[in-house]
Amino acid sequence: MLRKLLAAALMLVSCSVAARAEGPVAAPVAPVTRTLTVFAAASMSDAIRQANDVWVAKGNAPLQFNFAASSTLARQMEQGGNAAVFISADERWMDWAAERNLVVKDTRVSPIGNRLVLIAPADSTLKVELTKTTDIAALLGRNGRLATGDPQHVPVGRYAQEALTWMGQWDAIGPRLARADSVRNALLLVERGEAPVGIVYETDAAVSTRVKIIGVFPKESHAPVTYPFAVVTANDNAASRALLAFLIGPEALEIYGRLGFTKP
């Protein structure tokens, strides 16, 4: 009898510890029946749509999405934009949101990363090894422009500026940028042939049949590309935390990995 009581007590203690270990994003058992909105960096659009299919299959209400540059999303939250979870394409814009108490700091986590690549139209014959001696300007031709995000506002543009600075070519290439307002719009410029080359994330290039990767930037050429996720303060509730738990959980991570996102 004593052994049974001790066993029961140990089970209760174990369950209590496990509950605490689940942390601030532990998911409730009941499905989320109301629609939640995800503010996510444009490069996450395919991944979040696929994750939504799994979320709905579990009995939860379909998600709504707002995909744009991380800077645009952060400012929309500051102006009252309604979101349950924010996913940024870099740490800087999540820092910006955290400094203004727009996200719940203890829910912040960066579970995935990406690679920075150089792309060209699918019929291009270009192929380069990106080193400090690679002449990017020569790839542009006489009047060509390099498509990427605006470095002042869009994370991929900031990574591109860092990489081109590392190569010693920012001064030459900076004035020749076609500055897009998101990574997907930079991709579109190359798809349409409006720019001979562009700098985007590997996962963006992978979803297009109209471009190809012609070079991968070395890791040391720029800060790590990471994606922080967090619950939005204005909607800090059990449903939002359940959604975040799912979006950083094993099923969603499998989707991200399949689409080419990396471990940070």
Side-chain angles (χ1 to χ4, degrees), residues 41-46 67-72 88-93 112-227 259-264:
S43 54
M44 290 292 297
S45 57
D46 298 279
F67 300 119
S70 302
S71 57
T72 299
S88 172
D90 73 348
E91 302 294 337
R92 183 175 296 184
W93 281 106
I112 55 174
N114 216 327
R115 298 183 184 89
L116 195 69
V117 299
L118 188 69
I119 60 170
D123 59 359
S124 172
T125 59
L126 294 174
K127 184 71 176 178
V128 296
E129 181 180 356
L130 295 172
T131 69
K132 288 191 174 183
T133 61
T134 306
D135 188 353
I136 299 293
L139 303 178
L140 297 178
R142 184 172 181 179
N143 299 312
R145 301 174 73 82
L146 186 149
T148 194
D150 185 339
Q152 298 299 315
H153 309 288
V154 184
V156 72
R158 181 172 61 81
Y159 293 124
Q161 180 176 354
E162 290 177 1
L164 293 170
T165 299
W166 176 83
M167 297 174 75
Q169 297 188 46
W170 174 248
D171 289 343
I173 302 299
R176 301 183 65 181
L177 289 187
R179 298 173 181 245
D181 60 5
S182 75
V183 66
R184 285 301 172 93
N185 284 336
L187 178 72
L188 189 61
L189 290 174
V190 181
E191 286 182 330
R192 290 175 173 172
E194 296 176 26
V197 295
I199 298 177
V200 299
Y201 302 123
E202 183 177 38
T203 55
D204 294 292
V207 301
S208 174
T209 60
R210 298 167 62 187
V211 305
K212 67 178 183 179
I213 295 172
I214 62 170
V216 179
F217 287 92
K219 289 183 178 179
E220 62 269 25
S221 69
H222 57 86
V225 179
T226 55
Y227 290 75
L259 292 177
F261 290 92
T262 63
K263 294 182 179 179

Say you draw a straight line from [atom1] of [X] to [atom2] of [Y]; how long is it, rounded to the nearest 0.5 Å?
X	Y	atom1	atom2	value
Asn114	Thr203	CG	OG1	3.5 Å
Met44	Ile112	CE	CD1	4.0 Å
Ser70	Glu91	OG	CD	10.5 Å
Lys212	Asp123	NZ	CG	8.0 Å

Open item on the list: Evaluate Val128 against Ile136 for side-chain contact (heavy atoms from CB on, under 4.5 Å), listing each step before the verdict.
Closed with: CA-CA 9 Å; Val128 296; Ile136 299 293; 5.8 Å; no
Open item on the list: Tell me whether the count of non-hydrogen atoms from other residues, nucleotides or ligands lying under 6.0 Å of CD in Glu220 goes above 12.
Closed with: yes
Nearest heavy atoms of [X] and [Y], plus distance in Å:
X	Y	result
Pro218	Leu130	CG-O, 3.4 Å
Ala205	Ile213	CB-CG1, 3.7 Å
Ser182	Ala69	CB-N, 4.3 Å
Ala120	Ile214	CB-CG2, 3.9 Å
Met167	Thr131	CE-O, 3.1 Å
Leu187	Ile119	CD1-CD1, 3.7 Å

- [ ] Apply the test side-chain contact (heavy atoms from CB on, under 4.5 Å) to residues Gln161 and Trp170: give CA-CA distance (whole Å), side-chain angles for both, the deciding distance (0.1 Å), then the verdict.
- [x] CA-CA 7 Å; Gln161 180 176 354; Trp170 174 248; 3.5 Å; yes
Is any side-chain heavy atom of [X] less than 4.5 Å from a side-chain heavy atom of [Y]?
X	Y	result
Leu140	Ile173	yes
Val211	Pro121	no
Asp181	Asp150	no
Arg184	Asp46	yes
Leu164	Ile199	yes

Open item on the list: One pair to check against side-chain contact (heavy atoms from CB on, under 4.5 Å): Leu139 and Leu118. What are the steps and the verdict?
Closed with: CA-CA 11 Å; Leu139 303 178; Leu118 188 69; 3.8 Å; yes
Task: Test ring pair (Phe, Tyr, Trp, His ring centres under 6.0 Å) applied to Tyr201 - qualifying residues, sequence neighbours left out - done: none
Task: Phe261: ring pair (Phe, Tyr, Trp, His ring centres under 6.0 Å) partners, not counting sequence neighbours - done: Tyr227
Open item on the list: Show every salt bridge (Lys or Arg N to Asp or Glu O under 4.0 Å) that has at least one partner inside residues 158-178, sequence neighbours left out.
Closed with: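 Of all non-adjacent pairs touching residues 158-178, those that pass salt bridge (Lys or Arg N to Asp or Glu O under 4.0 Å) are Asp90-Arg158, Arg158-Glu162.
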I'd like to know if the side chain of [X] and the backbone of [Y] have a donor-acceptor N/O pair within less than 3.5 Å.
X	Y	value
Ser71	His153	yes
Glu191	Ser208	no
Thr148	Leu177	no

TODO: Could you go through the side-chain contact (heavy atoms from CB on, under 4.5 Å) check for Leu189 and Arg145 one step at a time?
DONE: CA-CA 10 Å; Leu189 290 174; Arg145 301 174 73 82; over 6 Å; no
